[in-house]
*Asks:* 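Dumping the structure here so I can ask a few things about it.
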Number of protein chains: 2
Amino acid sequence: MFERKLLVASPLAKARRNPNSMKAKILSSASKSFGSYGFHGATTRMIAKEAGVDISTLYYHWGEKQDLYEAVVTDLDEKIRHKLEQIEKIVKDQPLSTRFEIAIDRLCDFFFDRPEIPNLIQFCYFSKIRPDSNLRFKVPVYINNIAIAIAIGTSKSRDEISTKAKTRVLAAFNSIFNFVSAENMFRPMLGISRPEYRVIVKDTLKFILIPAFTSMPDLK
Amino acid sequence: MFERKLLVASPLAKARRNPNSMKAKILSSASKSFGSYGFHGATTRMIAKEAGVDISTLYYHWGEKQDLYEAVVTDLDEKIRHKLEQIEKIVKDQPLSTRFEIAIDRLCDFFFDRPEIPNLIQFCYFSKIRPDSNLRFKVPVYINNIAIAIAIGTSKSRDEISTKAKTRVLAAFNSIFNFVSAENMFRPMLGISRPEYRVIVKDTLKFILIPAFTSMPDLK
DNA sequence: TCTTTTCTCCATCAAATGTTGGAAGATTAT
DNA sequence: ATAATCTTCCAACATTTGATGGAGAAAAGA
């Protein structure tokens with residue numbers, strides 16, 4: 001009960017309840033800025049400017065830069081979790097190859113429309129934050145548990161799943177993030193249009209992942 | 001001849017000729033700092049401190065922060081190219097699955113020992129640099145051409161290779177970067193040691209990639 | 001309507017960060 | 001040995017960036 005109260009009273013919960021509020025608008029701008037430039041690359045002025053407000057309004061709503069960043073990460077975390085749970089329901093009781101096909105399709109659509117999410121995750125994965133910042137390091141770790149559940153199904157207890165299998169799911173999941181985040185770099189290399197890119201990425205992921213995973217005894 | 005002269009006279013070439021010089025030492029520190037924190041996250045003071053010199057010594061040798069950053073990227077570019085060319089020679093005339101096996105092995109060893117290289121590449125791929133910076137955007141693009149050559153062999157002209165095939169090579173290549181760069185995030189998830197991680201990553205990459213690629217008519 | 005609270009902006013501050021000048025030390029050439 | 005050059009550091013400067021106080025507008029409550 002106590003925890004529930006804390007959750008509801010949190011600034012983030014408040015922003016989520018009313019997506020048109022200034023708080024939510026700033027959060028959204030922050031998401032994009034942090035996603036594009038990273039924690040240090042994004043400035044509070046830049047975020048405020050994109051939200052169309054004065055910088056002190058930002059501080060009024062969110063406090064320190066670090067607090068805002070944490071809110072962004074927590075928020076993205078919830079969004080992914082929600083999406084994954086949604087997919088989990090859809091693919092339940094499907095055969096493995098179908099599970100993968102659907103999951104890849106849905107996730108690609110979801111992330112291509114919200115590229116800041118994979119960007120932010122990537123930053124969490126391998127960009128350090130300066131030691132002098134007293135940021136409570138928060139990482140979207142559990143999403144991988146759900147990813148594993150999708151890939152493997154809920155039939156087995158998670159402890160039973162081998163490290164090998166987990167690693168393969170990580171690889172699969174991260175390939176999606178990669179293609180979305182690095183679109184601006186990859187697309188010119190391939191010389192194709194945006195829509196073409198989306199199609200070919202899905203195709204590639206399915207092509208690489210499905211045969212690999214369906215041949216895994218662990219997942220059967 | 002003129003170009004050759006320019007190349008030799010460049011600051012970077014000078015640093016490479018003498019790896020014990022202060023110039024080279026600063027370049028190496030810069031590599032690590034930019035690799036860990038990104039362009040904006042790494043400060044000139046931080047780089048100088050790691051190199052054990054005063055900050056003005058850094059500016060004396062390399063000029064603006066942006067110039068130093070460009071030198072770092074160019075340098076890493078050359079290193080990768082060299083490694084890829086080396087591997088290309090080894091795997092030449094081997095069957096496709098062997099080519100992949102060797103390439104994955106060598107590349108993993110190489111990158112795991114120099115994690116700043118994949119880090120920097122990842123930053124190039126999806127971290128923006130603030131617009132006010134007048135950084136000439138420089139990207140390690142061509143490395144993908146060589147990667148494609150390794151994967152596919154030099155038998156075909158590169159123009160003949162389908163976009164699909166190129167995309168698949170991109171996916172493969174990037175999976176390696178990912179596992180190396182995100183080790184600090186992935187390893188705790190999997191609950192394994194450093195050496196175990198290295199082994200399982202190689203295994204995973206081979207498991208996923210080799211079957212996918214050897215079944216590709218394009219690459220035969 | 002009047003009061004209270006919430007919100008937004010302007011002006012400003014302090015610290016961090018990029019950058020430079022010049023003095024002094026080290027190295028090389030003559 | 002002496003001059004010339006290269007290298008390093010200390011001190012400082014200008015700008016950027018994180019952060020705040022306070023005045024007034026807007027909204028909510030009485």
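All values reported here derive from a predicted model rather than from experimental measurement. Chain A is the first sequence line, chain B the second, and so forth, proteins listed ahead of strands; every chain is numbered from 1.
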*Asks:* What is the distance from NZ of B:Lys65 to P of D:dT15, rounded to the nearest Å?
*Replies:* 18 Å

*Asks:* Just to be sure I understand the geometry, which residues of residues 30-39 of chain B put a non-hydrogen atom under 4.0 Å away from DNA chain D?
*Replies:* none

*Asks:* Please figure out whether B:Thr57 or B:Asp132 has its closest DNA chain D nucleotide nearer the 5' end.
*Replies:*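 Comparing both residues, the 5'-ward one is B:Thr57.
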
*Asks:* Please name all residues satisfying ring-ring contact (aromatic ring centres under 6.0 Å, His included) with B:Tyr37, sequence neighbours left out, ordered by chain then number.
*Replies:* none

*Asks:* Quick check: on DNA chain D, is the nucleotide nearest B:Arg45 upstream (toward 5') of the one nearest B:Arg130, or the reverse? Name the residue that is more 5'.
*Replies:* B:Arg45

*Asks:* Would you mind reading off the distance between B:His40 atom NE2 and C:dG18 atom P, rounded to a whole angstrom?
*Replies:*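 Between P of C:dG18 and NE2 of B:His40: 10 Å.
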
*Asks:* Could you check whether any side-chain N or O of A:Ser133 sits under 3.5 Å from a backbone N or O of A:Ile129, counting only pairs where one atom can act as donor and the other as acceptor?
*Replies:* no

*Asks:* Please determine, for the side chain of A:Asp54, which listed nucleotide (C:dT17, C:dC10, D:dC10) has the closest atom?
*Replies:*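 So the side chain of A:Asp54 is nearest to C:dC10.
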
*Asks:* Can you measure B:Tyr60 atom OH to D:dC9 atom C1' for me and round it to whole angstrom units?
*Replies:* 13 Å

*Asks:* Check the distance between D:dC9's P and B:Lys49's NZ and give it to me in whole angstrom.
*Replies:*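 From B:Lys49 NZ to D:dC9 P: 14 Å.
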
*Asks:* Pull out every protein N or O sitting under 3.5 Å from an N or O of nucleotides 23-29 of chain C, one pair per line with the distance.
*Replies:*
none

*Asks:* Quick check for you: among D:dT8, C:dC7, D:dG18, whose closest atom lies nearest to any side-chain atom of A:Tyr59?
*Replies:*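 Minimum distance to the A:Tyr59 side chain belongs to D:dG18.
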
*Asks:* Taking salt bridge (Lys or Arg N to Asp or Glu O under 4.0 Å) as the definition, give me every residue that meets it alongside A:Asp132, ordered by chain and number, with sequence neighbours left out.
*Replies:* none

*Asks:* Quick check on B:Lys83: does its NZ atom have over 12 non-hydrogen neighbours (other residues, nucleotides or ligands) under 6.0 Å away?
*Replies:* yes

*Asks:* Is the NZ or CZ atom of B:Lys65 both under 6.0 Å from the centre of the six-membered ring of B:Phe39 and within 45° of that ring's axis?
*Replies:*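 Pair B:Lys65/B:Phe39 counts as cation-pi.
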
*Asks:* Output yes when a side-chain donor or acceptor of B:Tyr197 lies under 3.5 Å from a complementary backbone atom of B:Phe179, and no otherwise.
*Replies:* yes

*Asks:* Take the protein atom CD of B:Gln66 and the nucleotide atom P of C:dT17, then report the distance between them rounded to whole Å.
*Replies:*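 Answer to the nearest Å: 17 Å.
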
*Asks:* Are A:Tyr125 and B:Phe186 an aromatic pair by the rule of ring centers under 6.0 Å?
*Replies:*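 They qualify: ring centres under 6.0 Å apart.
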
*Asks:* When the distance from CD of B:Glu64 to P of D:dT15 is rounded to whole Å, what number comes out?
*Replies:*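 It works out to 15 Å between those atoms.
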
*Asks:* Within the structure shown, what part of the strands sits under 4.0 Å from A:Ala42 by heavy-atom distance: base, sugar-phosphate, or nothing?
*Replies:*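 Since only primed, P, OP1 and OP2 atoms lie under 4.0 Å of A:Ala42, the category is sugar-phosphate.
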
*Asks:* For nucleotides 22-29 of chain D, just jot down a letter per nucleotide in 5' to 3' order: B, S or -, based on protein non-hydrogen atoms under 4.0 Å.
*Replies:* --------

*Asks:* Only counting residues at least two apart or in another chain, list the ones meeting ring-ring contact (aromatic ring centres under 6.0 Å, His included) with B:Phe126.
*Replies:*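 ring-ring contact (aromatic ring centres under 6.0 Å, His included) check on B:Phe126 returns A:Phe126.
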
*Asks:* Does atom CZ of B:Arg106 have more than 12 heavy-atom neighbours from other groups under 6.0 Å away?
*Replies:* no

*Asks:* Centre-to-centre under 6.0 Å for B:Tyr69 and B:Phe34, is that the case here?
*Replies:*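 Yes.
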
*Asks:* Below the 4.0 Å mark, does D:dT17 have OP1 or OP2 next to a side-chain nitrogen or oxygen of A:Thr43?
*Replies:* no

*Asks:* What is the distance from CG of A:Leu68 to P of D:dG18, rounded to the nearest Å?
*Replies:*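 For the pair A:Leu68 CG and D:dG18 P, the rounded distance is 11 Å.
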
*Asks:* Measure from CD1 on A:Ile47 to C1' on D:dT17 and round the result to the nearest Å.
*Replies:*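 A:Ile47 atom CD1 is separated from D:dT17 atom C1' by 12 Å.
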
*Asks:* Counting neighbours of NZ on B:Lys206 that are heavy atoms of other residues, nucleotides or ligands and sit closer than 6.0 Å, is the number greater than 12?
*Replies:* yes

*Asks:* Can you identify which nucleotide, out of C:dT17, C:dT8, C:dT19, has its nearest atom closest to the B:Ile55 side chain?
*Replies:* C:dT19

*Asks:* When you measure from the side chain of A:Thr204 to the backbone of A:Ile200, do you find a donor-acceptor pair of N or O atoms at a distance under 3.5 Å?
*Replies:*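 Pair found, side chain donor or acceptor close to backbone of A:Ile200.
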
